[in-house]
S.K.: 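Got a structure for you, questions after.
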2 protein chains.
Amino acid sequence: MALTKTEIISTALGILDAYGLNDLTMRRLADSLDVKASALYWHVANKQSLLAELVDKILAGLEPPELDATADGDPWRPSLRGWATELRARLLDHRDSADLVASMRAIGLAGTELSRAPAAVLTAMGMADQEATTASQTLIYFILGHVDEEQQRAQLGALAGEASPTPVMDGTASFAAGLNLIFDGMAAALPHDG
Amino acid sequence: MALTKTEIISTALGILDAYGLNDLTMRRLADSLDVKASALYWHVANKQSLLAELVDKILAGLEPPELDATADGDPWRPSLRGWATELRARLLDHRDSADLVASMRAIGLAGTELSRAPAAVLTAMGMADQEATTASQTLIYFILGHVDEEQQRAQLGALAGEASPTPVMDGTASFAAGLNLIFDGMAAALPHDG
DNA sequence: ACCTGAACACCGTTCAAGT
DNA sequence: ACCTGAACACCGTTCAAGT
């Protein structure tokens, strides 16, 4: 049976989860598929584009945040909080994914422009376009930076004594705290609500 | 004349500036020093620690922010803004440095724990320790993420038509806007000031 | 259409041996 | 003390050749 791109991508994701980004090489991936490394180049242009597709797969199905019209107070807050929490969860599902997404994002290869979805919510709330763009980018930097640090720490922990007694700080809690800080900053830039 | 570590580090910085992080290999560095690659290992333990020293050199002399007691209003704002602007300037001085600092930070090898200095300012203003830590880390994620994107874009621009007519957005302006957002978020977590 | 074989031009790191 | 030579175990990528 001929190789398929889908098969390649999901095998790559398996290697990423089990051994990390450093061990995700074209040769190792080929070995896992019982094929020579050069065979991969019939299906993908190069490693970069393979990684970009991996990012797409990791982020696939991430729903853009929606404003709940029935909510009163700050409807955008729970909306963005839910979206950010979903994004973090997907990243935490795959080892080294925050690092991977950040590097792909920089090269502009990742199909998903992450900051667009939250920006739309903010403009819907009356924020100016440029301000909304900046604010969402700040949000994305926070999410990727935070999760990257969580994943790096998890790896260090795995190297030292397994099951570390207590993590330095609860990731979920500090993530929530950081989100609140950014939301408070956004609130200050939003038109005054009654 | 024998090689010195200082010589190695500053030559490495030169390669980083001229050719970028991808081209900063032990073999290329050795070539620049008219020496064989193996010779480097008498002076440094491995590439990681060399990169960590590079980070230290890039960030050397970055003064921690000080609170101006004579200022009224929000003395911490200009203080943190000045520090963040200084940090950005140092990073912009060296190609790929934001990427480099982020990766070293994650592994915990970089001597300078960047988020400590701004955290001290916030606790001095009466913020609780944990909140201050989270807030400063959020600030650091923003700075590194923003500058990384600036540097990546600069590289893409250099690849395409040189002297691009107008950058997509002014880096300095969007940096200032992001800073303000974060400062507004911090203000909300600070004890009410008169 | 899909894959192998073989090569090219690299990596980081180690270590006996030279001076 | 400081460096070279030579090797080990890798990389990503290309491309003629096979089926």
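What you see below is based on every heavy atom in this structure, not just the backbone, and it leaves out hydrogens, waters and symmetry mates. Order of the sequence lines fixes the chain letters, A, B, ..., with proteins taken first and strands second; residue numbering starts at 1 for each chain.
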S.K.: Answer yes or no on whether A:Arg28 is positioned over the face of A:Tyr19, meaning its NZ or CZ is under 6.0 Å from the six-membered ring centre and within 45° of the axis.
M.R.: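 Here A:Arg28 passes the 6.0 Å and 45° test against A:Tyr19.
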S.K.: Ignoring hydrogens and angles, tell me if any N or O in the side chain of B:Glu86 forms a donor-acceptor pair with the backbone of B:Glu63 under 3.5 Å.
M.R.: no
S.K.: Whole Å only: how far is the CE atom of B:Met26 from the P atom of C:dC10?
M.R.: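 Computing the B:Met26:CE to C:dC10:P distance gives 18 Å.
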S.K.: Can you check the A:Gln48 CD to D:dC11 P distance for me, whole Å?
M.R.: 17 Å
S.K.: Please give, in whole Å, the distance from D:dG12 C1' to B:Asn22 CG?
M.R.: 12 Å
S.K.: Quick one: do B:Ile8 and B:Trp42 end up in the same hydrophobic cluster if we chain Ile, Leu, Val, Met, Phe, Trp and Tyr together by side-chain heavy atoms under 4.5 Å apart?
M.R.: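 No, because B:Ile8 and B:Trp42 fall into different hydrophobic clusters, even though each may have its own neighbours under 4.5 Å.
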S.K.: Are the side chain of A:Gln151 and the backbone of A:His94 linked by a donor-acceptor contact shorter than 3.5 Å?
M.R.: yes
S.K.: Could you tell me how far apart A:Tyr41 (OH) and D:dC15 (P) are, to the nearest whole angstrom?
M.R.: 13 Å
S.K.: On DNA chain C, does the nearest nucleotide to A:Ala2 precede the nearest nucleotide to B:Ala37 from the 5' side, or the other way round? Give the residue.
M.R.: A:Ala2
S.K.: Figure out the CG/P separation between A:Asn46 and D:dT14, and round it to whole Å.
M.R.: 8 Å
S.K.: In which ranges does DNA chain C form stems of 3 or more consecutive Watson-Crick or G-U pairs, distances under 3.5 Å?
M.R.: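 The stems are C:4-8 with D:12-16, C:12-16 with D:4-8.
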S.K.: Map B:Arg27 and B:Asp34 onto DNA chain D by nearest heavy atom, then report which one ends up closer to the 5' terminus.
M.R.: B:Asp34
S.K.: Can you measure A:Leu40 atom CG to C:dG5 atom C1' for me and round it to whole angstrom units?
M.R.: 15 Å
S.K.: Are A:Glu53 and A:Lys57 within salt-bridge range, i.e. N to O under 4.0 Å?
M.R.: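 Looking at A:Lys57 together with A:Glu53, the answer is no, because their closest N to O distance does not fall below 4.0 Å.
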S.K.: Could you check how far NE2 of A:His43 sits from P of D:dT13, rounded to whole Å?
M.R.: 16 Å
S.K.: Atom CG of A:Leu3 to atom C1' of C:dC3: distance rounded to whole Å?
M.R.: 9 Å
S.K.: Under 6.0 Å from the ring centre and within 45 degrees of the ring axis: does the NZ or CZ of B:Arg88 meet both conditions for the six-membered ring of B:Phe175?
M.R.: yes
S.K.: Please state the P separation for the pair D:dC10 and C:dA9 - nearest whole angstrom.
M.R.: 22 Å
S.K.: For the side chain of A:Lys36, starting at C-beta, report the closest nucleotide among D:dC2, C:dG5, D:dC3.
M.R.: C:dG5
S.K.: Hey, does A:Ala39 reach any base, or is it just sugar-phosphate, or nothing, if we go heavy atoms under 4.0 Å?
M.R.: base
S.K.: Using modelled atom types only, decide if a donor and an acceptor are shared between the side chain of A:Ser115 and the backbone of A:Gln137 within a distance under 3.5 Å.
M.R.: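 Side chain of A:Ser115 to backbone of A:Gln137, a donor-acceptor pair under 3.5 Å: no, none is there.
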S.K.: Scan A:Ser38 against the nucleic acid and name what it touches under 4.0 Å (heavy atoms): base, sugar-phosphate only, or nothing.
M.R.: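 Base: the residue A:Ser38, judged by heavy atoms under 4.0 Å, touches a nucleobase.
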S.K.: If you check every side-chain atom of B:Thr25, which of C:dC2, C:dC11, D:dG12 has the closest atom?
M.R.: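 The answer is C:dC11.
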